[in-house]
Protein chains: 2
Amino acid sequence: MSALHDHTHCIADALTRADALCAERGARLTALRRRVLELVWSSHRPRGAYAILEDLSQQEGKATAPLTVYRALEFLVEQGLVHRIESLNAYVGCADPGAVHSGQFLVCESCGDAAEIDDPRVGAAIIAAAADRGFRVQRPTVEVRGLCKSCQENPR
Amino acid sequence: MSALHDHTHCIADALTRADALCAERGARLTALRRRVLELVWSSHRPRGAYAILEDLSQQEGKATAPLTVYRALEFLVEQGLVHRIESLNAYVGCADPGAVHSGQFLVCESCGDAAEIDDPRVGAAIIAAAADRGFRVQRPTVEVRGLCKSCQENPR
DNA sequence: GGTCACATGTTATAAAGTAACACCCATGTC
DNA sequence: GACATGGGTGTTACTTTATAACATGTGACC
Ligand SMILES: [Zn+2]
Ligand SMILES: [Zn+2]
Ligand SMILES: [Zn+2]
Ligand SMILES: [Zn+2]
């Protein structure tokens, strides 16, 4: 997700979908959780829990405890609204919540963007490789570091 | 890598290969680094830096600083002798150092074993998926959680 | 034997994540 | 309306993981 797009729209969209999904499931997207989701979506770059915490504290005008954020993130991850990028200890909004998918990411070393993909070839290859070894897949993690298209075209 | 195998052999083997590789490259596998590598190889389960630190301290009879271990690990990872499992904040010996590969792991939720694989289908699928999006791959990370064969056969 | 690069030691600190327990507040029940 | 119930949040303290800054050692090379 390069520089120029209407990101306000991304955020609004994400919140709308989250509202709908949670309503449908009877999950409680409380004000706090909604605000954290919004902060996760403040960019397409994965954000650390403590960065979110800082923003939240500022919004509230008073210090918030880490647990507050971690609990909200836990909920959002469970609901599939947010993914955790293991290799960055950071969180990013899910591009397509509701759809069943495991989370595959192309993480740009230069701009920090994390593009979520759900490539069936990758998923299938992992399942096949695991099956060959008698391994039962529960949760694949794919995080590919490299250079995104726009950073290749406009290097620093 | 299930329960029953001659793990002493795994360790000796890993050290021998490490010696050879480092000699070949002119990299300095010092006594300390060699001991850390040995501790990483103490099982096929990824081990945390602080677990290794504890073992090391005990061996030496005196407290060692975290940095000592982290620096040794950094070297070992650079040399491809050890991989870091991002989703566990832990380190595991590389099954095939020297070979060019990125590190794909099947991590068992039950016994904790991390089997390293280097499945060409997975690698190729990732490259293809990335190429479709103009993304240039530098370092793929694949960490699959699930149940290994032996844990499926002998559940708790 | 000087010096240069790299390895290690030491101390302090940062960043990321969790435990335990109290309180609040919406919902449903009597 | 009183009251139990359960999930969500607040508060405090703490653990685990990782790094910064600076001093000291050590071996290769000229
Ligand atoms: Zn956007
Ligand atoms: Zn980029
Ligand atoms: Zn073994
Ligand atoms: Zn297992």
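Hydrogens, waters and symmetry mates play no part in the numbers below; they use all other heavy atoms, side chains included. Here is how names work: the chains are called A, B, and so on, in the same order as the sequence lines, proteins then strands, and each is numbered from 1.
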Next item on the list: Please say whether more than 12 non-hydrogen atoms of neighbouring residues, nucleotides or ligands are located less than 6.0 Å from CD in B:Gln58.
Entry: no
Checklist line | More than 12 heavy atoms from other groups under 6.0 Å of CZ on A:Arg136 | finding: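 No.
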Tell me if a side-chain donor or acceptor on [X] pairs with a main-chain N or O of [Y] at a distance below 3.5 Å.
{"X": "A:Arg17", "Y": "A:Ala95", "result": "yes"}
{"X": "A:Arg25", "Y": "A:Gln79", "result": "yes"}
{"X": "A:Gln152", "Y": "B:Gly134", "result": "yes"}
{"X": "A:Glu38", "Y": "A:Leu15", "result": "no"}

Notebook entry, point to check: A:Trp41 vs A:His7 aromatic rings, parallel, tilted or perpendicular, using cut-offs 30° and 60°?
Noted result: tilted
Notebook entry, point to check: By salt bridge (charged side-chain N to carboxylate O under 4.0 Å, His left out), which residues pair with A:Arg34, not counting sequence neighbours?
Noted result: A:Asp19
Next item on the list: Apply salt bridge (charged side-chain N to carboxylate O under 4.0 Å, His left out) to B:Asp132 and list each qualifying residue two or more places apart in sequence or on a separate chain.
Entry: A:Arg121
Next item on the list: Assess whether one donor atom and one acceptor atom, taken from the side chain of A:Tyr50 and the base of C:dA16, lie less than 3.5 Å apart.
Entry: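 Result: at least one qualifying N/O pair found.
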Notebook entry, point to check: Listed by chain and number, what are the side chain to side chain contact (heavy atoms under 4.5 Å, CB included) partners of A:Arg33, not counting sequence neighbours?
Noted result: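 Side chain to side chain contact (heavy atoms under 4.5 Å, CB included) check on A:Arg33 returns A:Arg28, A:Leu29, A:Thr30, A:Ala72, A:Phe75.
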Atom-pair distance ([atom1] on [X]; [atom2] on [N]), nearest Å:
{"X": "B:Phe75", "N": "C:dT8", "atom1": "CZ", "atom2": "C1'", "answer": "14 Å"}
{"X": "B:Asn89", "N": "C:dT18", "atom1": "CG", "atom2": "P", "answer": "10 Å"}
{"X": "B:Glu74", "N": "C:dC6", "atom1": "CD", "atom2": "P", "answer": "13 Å"}

Notebook entry, point to check: Which nucleotide span of DNA chain D, 5' end to 3' end, has atoms closer than 4.0 Å to non-hydrogen atoms of chain A?
Noted result: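 For DNA chain D, the relevant span reads D:dG7 to D:dT12.
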Next item on the list: Would you mind checking if A:Glu86 and A:Arg84 are paired as a salt bridge, meaning a charged N to carboxylate O distance below 4.0 Å?
Entry: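 Yes, this pair counts.
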Check: Toward the 5' end of DNA chain D, which comes first, B:Tyr70 or A:Ala27, by nearest nucleotide?
Finding: A:Ala27
Next item on the list: By nearest nucleotide on DNA chain C, pick out whichever of A:Arg84 and B:Thr30 is the more 5' one.
Entry: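 By nearest-heavy-atom nucleotide position, the 5'-most residue is B:Thr30.
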Protein and nucleotides 9-13 of chain C: nitrogen or oxygen contacts under 3.5 angstrom:
| from | atom 1 | to | atom 2 | distance (Å) |
| --- | --- | --- | --- | --- |
| C:dG9 | N7 | B:Arg71 | NH2 | 2.6 |
| C:dG9 | O6 | B:Arg71 | NH1 | 3.2 |
| C:dG9 | O6 | B:Arg71 | NH2 | 3.4 |

For nucleotides 23-29 of chain C, print each protein N/O atom paired with a nucleotide N/O atom at under 3.5 Å, atom names and distance only.
none

